[in-house]
Student: 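The structure under discussion is supplied below as structure tokens; questions concerning it will follow.
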Amino acid sequence: MNILTLNCGSSSIKYKLFDMPKERVIARGQAERIGRADSILHHEIEGKAPFTGEQSLSGHREAIERLLNHLIGPEGGILNSVRDIVAVGHRFVHGGEFFRSSVAIDPGVRETLEACRNLAPLHNPHNLTGIDVCTELIPHAPQVAVFDTAFHQTMPDHAFTCAIPYRFYEENRIRKYGFHGTSHRYVSSRASELLGKGREEWRIVTCHLGNGSSLCAVRDGKSCDTTMGFTPLSGVVMGTRCGDIDPALPAHLVEALNIPLAEVMSILNHESGVLGISGLSPDFRDLESAADGGHARARLALTVYAYSIARGIASLIPAIGGLDALVFTAGIGENSPRMRARICAFLAWLGVELDAQGNEGGVPEIDVSRSGSPVRVLVIPTDEERLIARDTVSVLGYDGEMSTGERQRLSPEAVGR
Ligand code: ADP
């Protein structure tokens with residue numbers, strides 16, 4: 001059965017079409033620069049030449065419409081009709097305290113999702129648009145929301161409570177939520193599988209190191225603490241985000257340096273992190289080659305980042321009572337042996353011992369620790385879409401025995417094949 005996964009951002013939409021339960025990706029692609037005259041559409045469809053085209057996309061509706069047309073169209077298409085899409089799974093960034101797991105979207109759930117809109121004003125409104133556009137364009141297909149925050153809802157209150165007056169939690173739900181939950185859930189569960197069934201309670205810290213970076217302490221498959229907080233600005237140092245800083249600093253920038261608050265927030269979100277320190281780039285490949293060429297602030301930025309991640313890892317250990325394994329994932333975690341080595345060098349005292357040759361590996365899903373290292377170190381490519389597709393199937397009950405009604409509804413005749 002074909003399951004479409006959608007990740008709707010402010011100016012981009014990424015999609016994958018899965019053949020489930022085989023988990024085979026039969027099409028993938030993205031629309032970028034939505035809302036501009038020079039939007040880019042990119043599609044890769046199994047067995048066909050990749051397609052990249054520039055065309056104006058006025059908004060998300062048009063982008064999803066074009067994407068569907070491409071999947072169905074006579075040239076690049078792989079589907080006979082839109083009815084070949086059995087269900088749609090959406091990445092939904094912030095589900096607040098309302099959602100502890102993925103959920104099928106019905107009118108009641110849609111209303112609750114609306115109540116979450118302002119929890120993540122940069123993300124949730126676009127996720128909601130994606131849902132509404134699919135309701136209009138793929139009306140027969142049930143939809144599921146898979147939340148970045150849901151995995152972290154198992155954190156105990158001592159981990160998620162902010163030390164500000166408690167009324168802000170009671171009245172305004174201000175607390176630590178955490179993000180990247182789908183990625184942390186995917187790689188921690190994969191790590192437990194790879195580490196084997198011998199230990200029931202693997203104590204794992206997962207390191208999602210991409211443009212946004214966060215760490216998560218996982219015990220027995222559950223998130224016990226994480227580094228991001230009320231927003232994805234906090235926690236470890238990132239590409240352009242500052243991570244944890246003195247909370248009085250924004251007020252100082254406003255009051256002492258007369259920078260408007262909106263500009264301060266933009267600086268902390270878009271001009272800080274390794275970009276801010278290096279003055280060069282948020283891209284770690286650029287920083288590595290500049291550092292190799294003697295650029296002192298690129299070198300400083302890389303070390304600040306590595307130290308911040310190592311501190312973050314150490315800070316999470318009380319949440320899980322020890323450390324059996326570290327998992328590196330996302331763009332930097334998967335692709336930068338040098339950054340992994342820098343981070344692990346700060347953690348040698350903890351029993352983190354890398355195998356220098358293995359760490360260069362370049363193989364997906366690899367144990368890069370020295371044999372006998374007290375802490376295993378794994379590199380596992382993240383696959384949030386796969387988890388979204390799996391959740392979509394299981395939340396809708398399509399993975400178990402289907403009821404007669406469901407079987408009829410999903411029969412080839414019913415879905416128009
Ligand atoms: P996103 O959070 O947008 O999904 P990714 O997980 O794709 O981001 O990670 C993007 C980051 O990965 C970029 O900062 C890029 O510098 C980094 N990256 C990708 N490949 C490499 C590499 N070979 N070496 C170092 N960093 C890399």
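Numbering of residues begins at 1 and proceeds along the displayed sequence. Whatever order the structure lists them in is the order used to number ligands and atoms, beginning at 1. Just the heavy atoms: all of them, side chains too, but no hydrogens, waters or symmetry mates, feed the values below. It should be emphasised that the depicted structure is a prediction, and the values quoted were computed from it without experimental measurement.
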Student: Which option wins on minimum heavy-atom distance to atom 12 (O) of ligand 1: Gly273, Ser183, Ser281, Gly331?
Tutor: Gly331
Student: Under a plain distance cut-off of 3.5 Å, with no hydrogens placed, do Thr240 and Glu271 share a side-chain donor-acceptor pair?
Tutor: no
Student: Purely on distance, is any nitrogen or oxygen of His208 under 3.5 Å from one on ligand 1?
Tutor: no
Student: Apply the ring pair (Phe, Tyr, Trp, His ring centres under 6.0 Å) test between His126 and each candidate in His94, His90, His60; give the one that qualifies.
Tutor: His60
Student: Does the protein place a non-hydrogen atom closer than 4.0 angstrom to atom 4 (O) of ligand 1?
Tutor: no
Student: Is it true that the side chains of Ser281 and Asp283 contain a donor and an acceptor less than 3.5 Å apart?
Tutor: no
Student: Distance to 0.1 Å, residue and atom name: give those for the protein heavy atom nearest to atom 26 (N) of ligand 1.
Tutor: Phe284 CB, 3.5 Å
Student: Is Pro282 in contact with ligand 1, taking contact as a heavy-atom separation below 4.0 Å?
Tutor: yes
Student: Looking just at side-chain N and O atoms, do Arg173 and Tyr169 make a donor-acceptor pair shorter than 3.5 Å?
Tutor: yes
Student: With heavy atoms of Gly212 as the reference, note each atom of ligand 1 found under 4.0 Å away.
Tutor: 2 (O)
Student: Could you check atom 25 (C) of ligand 1 against the protein and tell me its nearest heavy-atom contact, residue, atom and distance included?
Tutor: Ser336 CB, 3.6 Å
Student: Assess the side chains of His208 and Ser214: does a donor N or O sit below 3.5 Å from an acceptor N or O?
Tutor: no
Student: Starting from atom 2 (O) of ligand 1, what is the nearest protein heavy atom, named by residue and atom, and what distance separates them?
Tutor: Asn211 N, 3.2 Å
Student: Which of the numbered atoms in ligand 1 are below 4.0 angstrom from a heavy atom of Ala330?
Tutor: 6 (O)
Student: Identify the closest protein heavy atom to atom 17 (C) of ligand 1: which residue and atom is it, and at what distance?
Tutor: Ile332 CG1, 3.6 Å
Student: Just by distance, with hydrogens left out, do Arg340 and Asn359 show a side-chain donor and acceptor under 3.5 Å apart?
Tutor: yes
Student: Considering the options Phe151, Tyr177, Phe147, which one meets the ring pair (Phe, Tyr, Trp, His ring centres under 6.0 Å) requirement together with Phe99?
Tutor: Phe147
